[in-house]
Amino acid sequence: MKRPGLASTLVKIVLLCLLDAVAVWGVIILGSRGSYALLGFLAVGTLLLNFVSLSKRAYPLRYLLPGLIFLFGMVVYPIVYTVYISTTNTQTGHILTKDQVVTQLESRTYQPPDGLHFASTVFQDEDGQLVVILSDDAGAMLVAEELEFLPLAADDPRLERDGEGRIVAVGDHVLLEGLAVFSVLSELETRRYTYGTTYLQLSGIEEFREVVPLYAFDEGRNVLVDLRSGVEYTPVEGTFTAPDGSVVEPGFRVNVGARNYTDILSDEGIRSDFVRVFTWTIIWALLSVVFSFALGLGLAMLLNDPYIRGRFFYRSVLIVPYAIPAFISALVWLGLFNTEAGAINRILQDLFGAAGKVPWLQDPIWAKAMLIFVNTWLTFPYMMIISLGALQSIPGGIYEAARIDGANGFQRLTRITLPLLLVSTAPLLIGSFAFTFNNFTVVFLMTGGRPPVLGAATPAGATDILISWTYRIAFQGVRGNQLALASAIAVIIFVIIATISAINFRFTKALEEVHRGV
Amino acid sequence: MYRRHGWLGLIVRHGLIWLAIAFALFPVVWIVSASINPTNSLQTQQLIPPNPTLAHYKTLFTDPNVPFLQWLLNTIKVSGITAIGTVILCAIGAYAFSRFRFTGRRTGLLGLLLVQMFPQMLAMVAIYLLLLAISEYLPAFGLNTHPGLIVVYLGGAMGFNTWFMKGYFDTIPRSLEESAMVDGATPFRAFVRIIIPLARPILAVVLIIQFITAYGEYILASILLRGTRMYTLSVGLRFFTQEAYSRRWGTFAAAAILGAILILLIFLPLQRMIISGLTGGAVKE
């Protein structure tokens with residue numbers, strides 16, 4: 001191996017130094033905001049990058065690292081994170097961590113009735129910078145140019161007064177009067193000024209009042225104290241709760257162990273939804289594969305016939321449904337299946353009169369039939385192509401031998417073609433099953449899981465499959481986003497898919513390839 | 001297994017095939033007809049339009065309420081960058097797995113095999129929360145951004161494609177690079193100058209499949225993109241069919257055709273190559 005030149009080594013080291021400087025800066029920022037997960041990711045990533053760039057032993061990692069960063073960041077970490085979320089109570093009202101919620105609550109304030117109060121005047125310069133001057137009943141004055149009030153002497157040289165002794169300007173800042181005050185009120189309102197150890201905040205158009213923190217969190221006793229009333233809130237399942245049952249919003253994220261999983265198994269409502277959705281998911285995937293394979297295989301056998309002319313043309317036309325992006329086809333079919341005005345019902349009504357008005361989207365059975373029909377349309381070309389490939393790989397000699405032994409056409413099909421075909425297409429069929437099992441696009445775009453099921457405990461419609469159910473629980477729930485429950489279901493789907501894939505490995509050489517060590 | 005057919009047999013066979021073609025093209029014919037039909041309603045569409053018009057296509061490009069062009073450009077941008085990024089990152093990784101011998105290589109390969117069977121969209125909640133957190137520190141890569149979506153897609157594409165390319169690289173004889181390295185080339189130089197040109201077919205397959213996959217991706221895009229102008233075609237097209245097919249059927253039809261035509265133009269001429277790529281891995285469709 002050639003030794004790298006001095007120049008390229010120098011460039012490398014300079015680039016690394018710059019990168020490390022940025023990383024250190026990032027670590028400091030993240031550390032100060034208490035975001036330790038991201039901090040860890042950044043720190044480990046940077047160390048790894050240094051090691052990989054400098055160590056000779058890690059040479060192969062230089063090639064692997066770029067891809068690994070994406071793989072870890074967007075697949076492995078999300079998988080681990082999904083498992084973690086599934087053991088928490090994460091949902092609307094419980095999104096933040098306890099630390100984040102405590103910080104948020106501790107920044108809430110109230111005005112004590114006997115607190116300080118001041119009359120205020122506001123000044124503004126040409127850049128829009130604001131200066132506030134406060135005066136109390138005794139006439140003592142305070143000034144704030146930034147977010148802190150400091151004492152102001154009445155004879156301060158920056159002050160300009162008019163004939164009546166009113167202050168009309170502070171340095172470049174000019175007094176705001178009348179309506180001009182209103183234009184800056186919304187900005188002033190959000191500011192919290194410090195004054196010594198206490199806080200001052202705008203409380204009226206020309207008035208500032210002392211505000212004090214409403215809550216204090218007692219780390220040692222793990223209670224949140226309401227400083228105004230003295231009520232103590234203890235955390236109960238991610239919500240600060242008082243002895244009388246009243247709570248402080250928002251709640252926070254806590255670990256609940258396996259409760260989301262036991263809910264799926266033991267909660268009457270969720271379990272019955274799960275069983276119904278799971279059953280339909282299996283039926284949906286199985287029937288889609290069976291119908292599209294049957295149709296695809298039949299066409300493949302017709303097109304494999306050397307005595308049929310125009311086979312290339314036929315094949316190219318028949319592949320069109322597979323070449324159109326599924327989201328487009330699904331939406332087009334949805335229009336055609338429209339109950340009132342769709343082309344399909346218009347044709348059916350021409351043929352069968354009023355009975356031809358089929359409630360495709362309103363009736364659970366018809367909606368399911370429609371989905372399987374459309375998915376068959378989407379997938380049969382794929383099945384046709386893989387069947388064609390498999391048919392062509394069956395040696396013709398076997399058929400000759402069978403014919404000589406007196407086998408008829410049907411026997412040749414069931415004894416030779418199908419068994420040999422299934423051996424070579426089985427992994428693809430299982431793969432197709434696994435894909436259809438999670439085919440969110442078709443189900444979600446066409447029915448969105450509808451029609452709804454009366455009395456369902458979760459947003460689970462009649463045509464929801466597991467993945468679309470997960471999506472709706474996570475992002476479309478009536479009672480907010482139940483992210484933790486959705487994650488638990490995702491983990492269950494993963495276990496199912498992993499099982500299917502494990503079976504599939506037996507059919508493929510993928511594992512052998514790993515062990516052979518090529 | 002086939003014998004010459006009589007004329008009856010031929011008619012039956014061609015008849016069956018034409019029946020299948022009618023089934024395959026049924027929605028295509030209707031949507032093409034709808035796109036040139038002057039009526040914009042599902043109800044009054046006739047299969048053979050009385051006065052064909054291109055007005056619906058014009059609407060797509062001129063009506064500011066239909067940001068179709070924006071969606072199409074967004075989609076091409078996101079899919080294109082994802083596809084190119086996937087090819088580069090996976091080729092580099094696959095080369096290391098194929099050519100270098102290092103500790104942890106076998107574990108790495110096994111890990112890759114396991115990770116790639118996990119459909120990334122199952123982790124949608126985690127990905128959403130992750131991007132929500134990233135938004136706070138690096139808004140350019142957070143929620144509702146195209147770079148964020150591209151990074152997510154890239155992560156999802158790594159496992160399978162690295163594995164897939166490694167298989168192809170294994171079939172390229174090593175003697176070619178070895179002679180180059182004897183002449184003083186670094187491994188990286190040998191990779192760029194020798195492997196890459198030889199592996200062009202697999203690079204093209206991954207590029208195209210990844211482009212088509214990202215083009216049609218719906219679930220993650222719908223979770224991560226919020227603003228109408230940020231939408232990709234899959235999210236956007238649904239958005240404007242939601243209102244009412246009956247009022248915008250013609251406009252939708254024109255959009256569907258333009259959206260599909262790009263992929264059809266890529267897919268049909270290259271179908272053999274793409275299908276060999278889709279089935280060659282055999283683990284994932």
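Naming convention: chains lettered A, B, ... in sequence-line order (proteins, then strands); numbering from 1 in each chain. Computed from a prediction, not measured in an experiment: that's the story for all the values here.
- Heavy atoms of A:Phe494 lying under 4.5 Å from chain B belong to its backbone as well as its side chain.
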A:Val332 vs B:Phe252, test: side chain to side chain contact (heavy atoms under 4.5 Å, CB included). Steps then yes/no. CA-CA 9 Å; A:Val332 168; B:Phe252 163 75; 4.0 Å; yes
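- Heavy-atom distances place the side chain of B:Leu131, and not its backbone, under 4.5 Å from chain A.
- With a 4.5 angstrom heavy-atom cutoff, A:Leu303 touches chain B only via side-chain atoms.
- In this structure, the portions of B:Leu233 lying under 4.5 Å from any heavy atom of chain A include both its backbone and its side chain.
- Looking at B:Val28, only its side chain comes within 4.5 Å of chain A, counting heavy atoms on both sides.
- Per-residue heavy-atom pair counts under 4.5 Å with chain B were compared for A:Thr441, A:Val317, A:Ile430, and the maximum is reached by A:Val317.
- Per-residue heavy-atom pair counts under 4.5 Å with chain A were compared for B:Gly155, B:Gly216, B:Ala34, and the maximum is reached by B:Gly155.
- When the shell of 6.0 Å around CZ of B:Arg226 is examined, it contains more than 12 heavy atoms from other residues, nucleotides or ligands.
- For B:Leu268, the part sitting under 4.5 Å from any heavy atom of chain A is the side chain, from C-beta outward, and nothing else.
- For the set B:Thr103, B:Ile266, B:Ile127, B:Val151, the count of heavy-atom pairs under 4.5 angstrom toward chain A peaks at B:Val151.
- Here the closest heavy-atom approach between residue B:Arg13 and residue A:Ile308 is recorded as CB-CD1, 3.6 Å.
- For the pair A:Tyr63 (side chain) and B:Phe188 (backbone), a donor-acceptor distance under 3.5 Å is present.
- Within the 4.5 angstrom heavy-atom criterion, no atom of A:Ile492 approaches chain B.
- For A:Leu71, the parts lying under 4.5 angstrom from a heavy atom of chain B are both the backbone and the side chain.
- Looking at A:Tyr307, the atoms closer than 4.5 Å to chain B (heavy atoms on both sides) sit in the backbone and in the side chain alike.
- At least one donor-acceptor pair under 3.5 Å links the side chain of A:Trp377 to the backbone N or O of B:Phe23.
- Of all the heavy atoms in A:Leu299 and B:Ala20, the pair that sits closest is CD2-CB, 3.5 Å.
- Contacts between A:Ala498 and chain B at a heavy-atom distance below 4.5 Å involve backbone atoms as well as side-chain atoms.
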Please assess A:Asn438 against B:Met121 for the test side chain to side chain contact (heavy atoms under 4.5 Å, CB included), listing each intermediate value before the final yes or no. CA-CA 9 Å; A:Asn438 283 325; B:Met121 60 180 177; 3.4 Å; yes
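- Contact of A:Leu336 with chain B is made through backbone and side chain together, with heavy-atom distances under 4.5 Å.
- Residues satisfying the side chain to side chain donor-acceptor pair (under 3.5 Å) test with A:Gln476, not counting sequence neighbours, are none.
- The structure places OH of B:Tyr128 at 12.0 Å from OH of A:Tyr81, a figure rounded to the nearest 0.5 Å.
- Ranked by non-hydrogen atom pairs under 4.5 Å with chain A, the options B:Glu217, B:Arg99, B:Gln120 are led by B:Gln120.
- Only the side chain of B:Phe102 comes within less than 4.5 Å of a heavy atom in chain A; its backbone stays farther off.
- For a residue to count as touching a neighbouring chain, one of its non-hydrogen atoms must lie under 4.5 Å from one of that chain's; by this rule B:Thr162 does not touch chain A.
- Using a 4.5 Å cut-off between heavy atoms, A:Pro66 touches chain B through backbone and side chain atoms alike.
- By the 4.5 Å heavy-atom criterion applied to side chains, A:Tyr59 and B:Pro187 are counted as neighbours.
- The side chain to side chain contact (heavy atoms under 4.5 Å, CB included) test with B:Val125 is passed by exactly one of A:Ile489, A:Thr470, A:Ile473, A:Ile85: A:Ile85.
- Taking NE2 of B:His14 as the reference point, atom CZ of A:Arg309 lies at 8.5 Å (rounded to 0.5 Å).
- The distance from the OG1 atom of A:Thr82 to the CG atom of B:Leu129 is 9.0 Å, given to the nearest 0.5 Å.
- Enclosure of atom CZ in A:Phe72 is not indicated, since only 12 or fewer non-hydrogen atoms of other residues, nucleotides or ligands lie within 6.0 angstrom.
- Interface residue A:Leu295: only side-chain heavy atoms are found under 4.5 Å from chain B.
- Here the side chains of B:Pro119 and A:Ile497 are in contact, with some heavy-atom distance below 4.5 Å.
- Interatomic distance, CG of A:Leu331 versus CZ of B:Arg238, reported as 8.0 Å (0.5 Å rounding).
- Contact annotation for B:Pro27: both backbone and side-chain heavy atoms come within less than 4.5 Å of a heavy atom of chain A.
- At a 4.5 Å heavy-atom cutoff, the contact between B:Ile31 and chain A is made by side-chain atoms alone.
- A:Ile344 contributes atom CD1, which lies 9.5 Å from atom CH2 of B:Trp30 (distance to the nearest 0.5 angstrom).
- Under the salt bridge (charged side-chain N to carboxylate O under 4.0 Å, His left out) criterion, A:Glu340 pairs with A:Lys357, not counting sequence neighbours.
- Heavy atoms of A:Phe444 lying under 4.5 Å from chain B belong to its backbone as well as its side chain.
- With values rounded to the nearest 0.5 angstrom, A:Ser501 atom OG is found 8.0 Å from B:Gln116 atom CD.
- Note: A:Pro325 leads A:Gly298, A:Gly342, A:Pro325 in heavy-atom pairs under 4.5 Å with chain B.
- Per-residue heavy-atom pair counts under 4.5 Å with chain A were compared for B:Leu132, B:Ile17, B:Ile261, and the maximum is reached by B:Ile17.
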